[in-house]
There are 2 protein chains.
Amino acid sequence: MNDAVRSDQRGEIRPDVPLGRRSPHSKTRVLVADRNVIIRIGVRAILERAPGVAVVAEATTYDAVIDAVDEHGPDVLVIDLDLGDDTTRGLQLCEEITNRYPHTKIMILASTLSEFVVVDAMRRGVTGYLLKDDVKADELGKAVRTVQDGEVVMGKGIGNLVAHSLGSHREMGEHVTDRELEVLKLVARGLSNKQIAADIYVTESTVKFHLQNLSRKLGSHRRAELVHKATAAGLL
Amino acid sequence: MNDAVRSDQRGEIRPDVPLGRRSPHSKTRVLVADRNVIIRIGVRAILERAPGVAVVAEATTYDAVIDAVDEHGPDVLVIDLDLGDDTTRGLQLCEEITNRYPHTKIMILASTLSEFVVVDAMRRGVTGYLLKDDVKADELGKAVRTVQDGEVVMGKGIGNLVAHSLGSHREMGEHVTDRELEVLKLVARGLSNKQIAADIYVTESTVKFHLQNLSRKLGSHRRAELVHKATAAGLL
DNA sequence: TGCCCACCTAGCCATATGGACAGGTAACAG
DNA sequence: CTGTTACCTGTCCATATGGCTAGGTGGGCA
């Protein structure tokens with residue numbers, strides 16, 4: 001599927017590329033998106049030290065990312081999925097960008113590791129996934145050039161995680177729905193099923209139904225653990 | 001790697017300067033401690049841009065911080081409390097440093113905000129507390145010089161939090177004990193009271209007792225919320 | 001010595017929760 | 001039209017949980 005396009009881009013350079021605007025000798029143009037200044041400056045400093053890479057813009061919100069991609073048409077987008085209070089939004093953003101700008105490769109630079117999010121991201125066209133806490137300084141530049149070449153980059157442990165996820169029991173399609181997430185957030189705030197029911201205008205039965213589904217999807221059977229896993233997964 | 005060495009050479013090293021002492025015109029010597037490279041490089045880049053500030057060393061573990069303070073005797077330590085898997089350890093470190101090196105001011109650069117941790121840190125001699133996600137680039141340099149002058153620096157919202165904590169119902173001494181933390185972690189893993197009891201060799205009654213105390217101390221009454229708050233407080 | 005504190009235990013009771021059953025609806029895609 | 005998906009509802013039952021009162025222990029400290 002996409003692989004054709006990717007190797008295509010690397011293989012022969014097309015001088016007439018409409019949005020590409022990059023010659024064989026120009027640098028990899030990077031857009032850095034993170035809500036945290038320190039991270040932005042850090043990533044910028046690291047990448048500017050790497051050969052063949054140039055940071056062309058920064059963004060701090062989902063909308064700003066779209067605008068910046070529109071304006072700069074970067075080769076690689078280095079982004080933290082969590083740019084607002086909603087990781088799901090970040091996933092949607094990735095999908096939108098891979099659809100509208102197939103040339104722009106996306107590399108996630110995440111704070112937390114979650115099987116759930118990683119697999120979802122991959123399905124939406126993300127080609128790199130690194131953990132802020134794990135990356136070494138020199139890895140980052142290399143990783144950016146690698147994803148630009150259309151190859152997939154995974155931080156240590158992440159690859160195994162995905163493989164495990166794909167090959168294991170849950171056939172991985174277990175998407176947490178909006179409603180379930182809504183319930184989950186209320187659970188984390190300590191509301192009882194009855195209170196949650198009143199809060200979202202459904203019966204207690206329905207709340208329990210959603211919780212059962214969440215239990216299955218997140219592999220838990222206790223709401224305390226549910227909150228813990230969901231937090232680790234960046235859902236809360 | 002090379003980065004540290006290089007800027008050590010570039011930043012003026014003066015072995016002749018006695019620990020913690022400095023002439024009126026020399027720069028504020030800073031030690032940056034964070035497990036994350038990106039953060040370290042980012043903070044370094046920001047601080048080196050600020051006038052009158054020089055980063056003299058970096059550290060990534062609790063032990064390395066001690067060593068680096070021993071060796072460099074920095075004026076200010078910019079540190080994330082969470083350098084291992086245990087925030088408590090970071091708090092102890094702060095106390096140790098304020099005792100052994102009273103000249104060295106400590107500024108926390110935290111990932112998460114927790115009334116609990118902030119107040120504890122203050123009691124252990126920390127004079128600054130900023131949130132990574134909140135700081136603006138220019139604030140950081142200013143903050144470092146401010147704490148060096150012995151003034152207290154609090155990120156927006158943190159000051160209010162402390163004031164609220166001190167002036168409110170709980171007369172602030174509500175320390176979470178080791179045993180309680182132990183129980184809390186098991187709760188987060190989804191164990192029932194009975195299982196926890198078996199796990200730590202006490203009766204179910206005792207587990208419930210600890211949970212009641214946790215409920216009071218963290219201001220919660222549902223274990224799901226307990227896990228949520230504890231996570232936000234960096235206890236898990 | 002007496003006090004405080006972390007820790008441990010017991011019993012009681014109302015309510016919450018988890019798990020299983022067995023359904024119904026609307027929206028949407030092939 | 002048919003299948004799928006998210007969503008919703010109900011009933012039943014065993015067990016877990018939260019909240020309370022009322023104790024006992026050992027160690028550290030004034």
Side-chain angles (χ1 to χ4, degrees), chain A residues 86 88 91-92 95 116 120 123 169-230 235, chain B residues 88 91-92 116 120 123 169-230 235:
Chain A
D86 193 1
T88 311
L91 264 348
Q92 292 166 348
E95 192 168 4
F116 186 76
D120 203 337
R123 256 184 298 152
H169 49 111
R170 279 166 280 161
E171 67 290 347
M172 198 52 234
E174 293 294 65
H175 172 66
V176 173
T177 68
D178 292 344
R179 202 56 158 173
E180 285 161 359
L181 191 59
E182 205 176 345
V183 171
L184 194 52
K185 285 178 181 171
L186 296 173
V187 166
R189 283 172 42 191
L191 276 66
S192 71
N193 291 344
K194 192 171 296 190
Q195 290 173 312
I196 294 171
D199 220 83
I200 64 175
Y201 305 106
V202 296
T203 63
E204 206 178 328
S205 297
T206 307
V207 174
K208 293 176 80 172
F209 168 78
H210 289 309
L211 281 172
Q212 295 254 333
N213 290 332
L214 280 168
S215 297
R216 179 175 38 76
K217 293 178 182 179
L218 296 187
S220 169
H221 52 109
R222 260 348 190 297
R223 51 178 54 201
E225 193 184 10
L226 223 52
V227 169
H228 194 221
K229 288 198 172 183
L235 293 175
Chain B
T88 311
L91 264 348
Q92 292 166 348
F116 188 75
D120 204 337
R123 256 185 297 153
H169 50 109
R170 279 165 282 162
E171 68 290 347
M172 197 49 237
E174 293 295 64
H175 172 66
V176 173
T177 68
D178 292 344
R179 202 56 158 172
E180 285 161 0
L181 191 59
E182 206 177 345
V183 171
L184 195 53
K185 286 178 181 170
L186 296 174
V187 167
R189 282 172 42 192
L191 276 67
S192 71
N193 291 345
K194 191 171 295 190
Q195 291 172 309
I196 294 172
D199 220 82
I200 63 175
Y201 306 106
V202 296
T203 63
E204 205 178 327
S205 297
T206 307
V207 174
K208 293 176 79 173
F209 169 78
H210 290 309
L211 281 172
Q212 293 258 328
N213 290 331
L214 280 167
S215 297
R216 180 175 36 77
K217 292 178 181 178
L218 296 186
S220 170
H221 52 107
R222 261 347 189 296
R223 50 178 55 200
E225 193 184 10
L226 223 50
V227 169
H228 195 221
K229 288 198 172 183
L235 294 174

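As the structure is a prediction and not an experimental result, all values here were calculated from the model. So you know, we letter chains A, B, ... as the sequences are listed, proteins then strands, and number each from 1.
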Mapping R222(B) and D178(B) onto DNA chain C by nearest heavy atom, which one lands closer to the 5' end? D178(B)
Between N193(A) and dT17(C), is there a contact of a side-chain N or O with OP1 or OP2 at under 4.0 Å? yes
How long is the line joining CZ of R216(B) and P of dG18(D), in whole Å? 15 Å
Roughly how far, to the nearest 0.5 Å, is CD of E182(A) from NE2 of H210(A)? 8.5 Å
Over how many whole Å does the gap from L181(A) atom CG to dA6(D) atom P extend? 14 Å
Among dA6(D), dC8(C), dG18(C), find the nucleotide with the atom closest to the side chain of R223(A). dG18(C)
Among dC20(D), dA16(D), dA10(C), the one nearest any side-chain atom of K194(B) is dA16(D)
What does T206(A) touch in the nucleic acid at a heavy-atom separation under 4.0 angstrom: a base, only the sugar-phosphate, or nothing? base
Whole-Å gap separating C1' (dT5(D)) and CG (N213(A)): 11 Å
Rounded to the nearest 0.5 Å, how far apart are NZ of K229(A) and CZ of R222(A)? 13.0 Å
Could you state the CZ-P distance from F209(A) to dG24(C), rounded to the nearest angstrom? 14 Å
Considering just the side-chain nitrogens and oxygens of H210(A), establish if one lies under 4.0 Å of OP1 or OP2 belonging to dC7(D). no
Taking all non-hydrogen atoms of both residues, which atom of L184(A) and which atom of A230(A) are closest, and how far apart? CD2-CB, 3.5 Å
Scan K208(A) against the nucleic acid and name what it touches under 4.0 Å (heavy atoms): base, sugar-phosphate only, or nothing. base
Value for CD1 (I196(B)) from CZ (R189(B)), rounded to nearest 0.5 Å, stands at 9.5 Å
Return the nearest nucleotide to the side chain of H221(B); candidates are dC8(D), dG19(C), dG19(D). dG19(D)
Once you apply a heavy-atom cut-off of 4.0 Å, does T203(A) come out as touching a base, just sugar-phosphate, or nothing? sugar-phosphate
CD of E204(B) versus C1' of dT17(D): gap in Å, rounded? 9 Å
Taking only the side-chain heavy atoms of Q212(A) (C-beta and beyond), determine which of dG18(C), dC7(C), dG18(D) contains the nearest atom. dG18(C)
Whole angstroms only, please: what is the CG-C1' distance between L191(B) and dT17(D)? 15 Å
Checking dC7(C), dA16(C), dT17(D) against the side chain of S192(A) (C-beta onward), the nearest is dA16(C)
Just how far is it from atom CG of L226(B) to atom CD of E180(B), taken to the nearest 0.5 Å? 10.0 Å
Whole-Å distance separating the CG atom of L211(B) from the P atom of dG19(D): 10 Å
One would report the end-axis bend of the helix from dT1(C)-dA30(D) to dG30(C)-dC1(D), five pairs per end and rounded to 10 degrees, as 50°
Distance in Å, H221(A) NE2 paired with S215(A) OG, rounded so as to fall on 0.5 Å steps: 8.5 Å
When rounded to the nearest 0.5 Å, the distance separating CG of D199(A) from CG of N193(A) is 12.5 Å
Using only heavy-atom distances, determine whether the side chains of R179(B) and N213(B) contain a donor-acceptor pair under 3.5 Å. no
Protein-nucleotide distance (Y201(A), atom OH; dC8(D), atom P), rounded to Å: 14 Å
